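Here's the structure, in structure tokens; my notes come after.
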Amino acid sequence: LISLFCNMENKERRQTLLQETGNFLVDIAKLVLGGVILAGIMQYETIDQTALFIVGSIVVVTCFCIGLAFIVYSKPKK
């Protein structure tokens with residue numbers, strides 16, 4: 001996926017695209033975290049709390065790490 005962005009002709013466009021994608025993924029991680037917390041507080045009987053927190057944690061950590069990697073990768077190299 002990153003190699004797709006590397007082949008773009010315009011370096012500034014690539015940096016902006018990676019930066020915005022990284023910000024989007026970090027925002028998704030925050031929203032999922034909020035959803036997991038709210039669903040945990042409501043305590044519906046049909047929701048398995050353990051599965052909710054495990055799957056939610058995996059999604060949050062994955063989105064956050066990939067988002068940060070995109071943000072770091074979008075910075076110009078010195």
Side-chain angles (χ1 to χ4, degrees):
L1 183 64
I2 292 177
S3 64
L4 250 175
F5 295 125
C6 292
N7 293 331
M8 286 187 179
E9 294 175 10
N10 191 350
K11 200 174 209 179
E12 185 176 312
R13 181 177 172 206
R14 178 182 62 92
Q15 289 174 351
T16 303
L17 186 61
L18 286 173
Q19 177 77 29
E20 292 301 318
T21 304
N23 289 338
F24 175 75
L25 287 172
V26 170
D27 288 342
I28 292 294
K30 291 188 285 188
L31 289 170
V32 170
L33 179 64
V36 167
I37 291 171
L38 285 176
I41 290 173
M42 290 183 188
Q43 295 180 354
Y44 286 119
E45 293 178 13
T46 59
I47 297 176
D48 182 20
Q49 296 288 325
T50 306
L52 173 73
F53 288 118
I54 290 174
V55 172
S57 298
I58 290 171
V59 170
V60 167
V61 169
T62 302
C63 286
F64 189 74
C65 290
I66 293 173
L68 283 182
F70 276 2
I71 291 170
V72 168
Y73 192 70
S74 71
K75 303 290 182 194
K77 296 177 178 78
K78 295 180 182 180

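All values reported here derive from a predicted model rather than from experimental measurement.
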Same cluster or not: are [X] and [Y] linked, directly or through other Ile, Leu, Val, Met, Phe, Trp or Tyr residues, by side-chain heavy atoms under 4.5 angstrom apart?
X   : Y   : value
V36 : M42 : yes
V59 : L38 : no
V55 : I41 : yes
I71 : I66 : no

Which atom pairs, donor and acceptor, lie under 3.5 Å between side-chain atoms of residues 24-35 and protein residues at least two apart or in another chain?
residue, atom, partner, partner atom, Å
D27, OD1, K30, NZ, 3.2

Nearest non-hydrogen partners of L52 and A39, listed with the distance: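 Closest approach of L52 to A39: CD2-CB, 3.8 Å.
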Listed partners of Q19 passing side-chain hydrogen bond (donor to acceptor under 3.5 Å, both in side chains), at least two apart: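 Counting only residues at least two positions away or on another chain, Q19 forms a side-chain hydrogen bond (donor to acceptor under 3.5 Å, both in side chains) with S74.
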